[in-house]
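Please read through the structure below; I'll follow up with questions.
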Amino acid sequence: MTSTLPQRMYLLMYNVEKEKFETRNLQFRGQKVRAAALAQLVGGGFVGLREGKRQSEAVRNVSGAPEDSFLAEVWRGIPSEEPKSWLDLLHPHAHTAESSVREQLAEAGMITLPSVKGLKRLSPLAQHEVRVNLPDDVLALRTKVREPVLRGAKPESLPLDDLAMTAIAGESDLHHVFSREERREHKTALKEYGQCFDERIPGLRHALRTSVQVLRPSGGGWGE
């Protein structure tokens, strides 16, 4: 699968066995998609890290925008001089992240958008009832996220994109990726993957957690 990291994160939420995006996996998807974009920008050298007061902060490298439209949109929102915190880059924009990525995937033929008509327009979840056209690709993506953890691979051996997918998925309630039993059995490994990701991009995973914790009590975290 040659799609971008945020596109892969979007598709990872899909439950192939149930042939749908479950409602519980739609909440906070925008945060995870946005975090994936920021991780890819760091890995591609489009964003640099500077030490902040508590965590590292992000600064835009001015060597040129990414070719992907969504990554370029995120990149342009990062200052090139004054560093900005990961939370400020992730939280306020998370609710719009899904729509951009969803349109990209539809244009690529990877998903089919629903026809939202009549009373269905009133449902805030109607636009999320998309059909995934290549479920085998999603299964392959899920295997790629799961396999390193289940076979005991060292997180340091993974490319940053793969490490980011596993670390961010480990933060999520995606029980179709790692079952409850697997999370218990591989608790130490998942923790190590998260810690390794934190060493590569300090503060980003903490910002993701903070954004989710702020919105969870009010029932927020739903994308457009």
Side-chain angles (χ1 to χ4, degrees), residues 1-40 68-71 73-74 90-91 93-147 149 161-162 164-180 182-183 190 208-209 211-213 215-216 218-224:
M1 185 175 291
T2 59
S3 50
T4 66
L5 200 59
Q7 289 169 359
R8 279 175 269 165
M9 185 59 64
Y10 180 101
L11 292 170
L12 187 65
M13 310 292 171
Y14 185 72
N15 190 319
V16 175
E17 290 75 16
K18 295 186 177 181
E19 300 183 343
K20 66 178 182 179
F21 288 100
E22 296 180 275
T23 302
R24 65 180 180 179
N25 292 335
L26 297 177
Q27 193 177 19
F28 311 121
R29 183 167 64 179
Q31 276 80 357
K32 297 158 195 171
V33 165
R34 182 90 180 179
L38 291 167
Q40 184 166 357
D68 178 79
S69 59
F70 178 63
L71 291 176
E73 174 189 326
V74 176
L90 190 151
H91 185 74
H93 311 283
H95 67 289
T96 64
E98 292 180 62
S99 58
S100 298
V101 173
R102 185 168 60 242
E103 289 175 10
Q104 287 183 325
L105 291 170
E107 289 176 6
M110 300 184 74
I111 64 173
T112 299
L113 300 180
S115 176
V116 183
K117 299 179 180 178
L119 292 177
K120 203 170 185 180
R121 290 178 178 272
L122 301 177
S123 171
L125 300 180
Q127 71 271 25
H128 299 298
E129 296 176 2
V130 307
R131 184 178 76 245
V132 171
N133 298 326
L134 300 171
D136 287 346
D137 283 4
V138 179
L139 285 174
L141 172 61
R142 187 198 304 178
T143 298
K144 191 173 183 179
V145 170
R146 287 166 43 83
E147 191 263 346
V149 174
D161 279 11
D162 293 346
M165 286 293 296
T166 301
I168 295 173
E171 287 293 306
S172 310
D173 298 328
L174 298 177
H175 298 302
H176 65 284
V177 178
F178 293 106
S179 68
R180 289 181 175 87
E182 289 171 334
R183 284 177 178 271
L190 287 169
L208 172 59
R209 282 183 174 180
S211 181
V212 169
Q213 289 168 358
L215 292 169
R216 194 183 292 277
S218 64
W222 303 95
E224 293 180 352

Steps toward side-chain contact (heavy atoms from CB on, under 4.5 Å) verdict (Met165, Lys144): CA-CA 9 Å; Met165 286 293 296; Lys144 191 173 183 179; over 6 Å; no

Determine whether Pro6 and Gln40 make a side-chain contact, defined as any pair of heavy atoms from C-beta on separated by less than 4.5 Å. yes

Checking side-chain contact (heavy atoms from CB on, under 4.5 Å) against Gln104, which of Ser69, Ser99, Ser3 comes through? Ser69

Could you grab the distance from atom CD of Glu22 to atom CG of Asn15, nearest 0.5 Å is fine? 4.5 Å

In terms of heavy-atom contacts, Ala36 and Leu5 come closest through O-CD2, 3.2 Å

Nearest-0.5 Å distance that lies between atom CD in Glu98 and atom CD in Gln31: 8.5 Å

Using the test ring-ring contact (aromatic ring centres under 6.0 Å, His included), find all partners of Tyr14 that sit at least two apart in sequence or belong to another chain. Phe21

Report the C-alpha separation of Asp161 and Arg8 in whole Å, then their side-chain angles, then the decisive distance to 0.1 Å, and conclude whether the side-chain contact (heavy atoms from CB on, under 4.5 Å) test is met. CA-CA 10 Å; Asp161 279 11; Arg8 279 175 269 165; 3.6 Å; yes

Stepwise, does the side-chain contact (heavy atoms from CB on, under 4.5 Å) test hold for Met13 with Lys32? CA-CA 10 Å; Met13 310 292 171; Lys32 297 158 195 171; 3.3 Å; yes

Quick one: are Tyr10 and Val130 in side-chain contact, heavy atoms under 4.5 Å? yes

Taking only residues two or more places apart in sequence or in another chain, which ones pass side-chain hydrogen bond (donor to acceptor under 3.5 Å, both in side chains) with Glu17? Arg142

Do Leu105 and Glu103 have side chains that get closer than 4.5 Å, going by heavy atoms? no

Are any of the side-chain nitrogens in Glu182 or Arg146 under 4.0 Å away from the carboxylate oxygens of its partner? yes

Are side-chain heavy atoms of Ile111 and Arg102 found at a separation under 4.5 Å? yes

Separation of Arg29 CZ from Leu12 CG (nearest 0.5 Å): 11.0 Å

Is any side-chain heavy atom of Phe28 less than 4.5 Å from a side-chain heavy atom of Leu208? no

side-chain contact (heavy atoms from CB on, under 4.5 Å) between Met9 and Leu11: does it pass, once the steps are laid out? CA-CA 5 Å; Met9 185 59 64; Leu11 292 170; over 6 Å; no

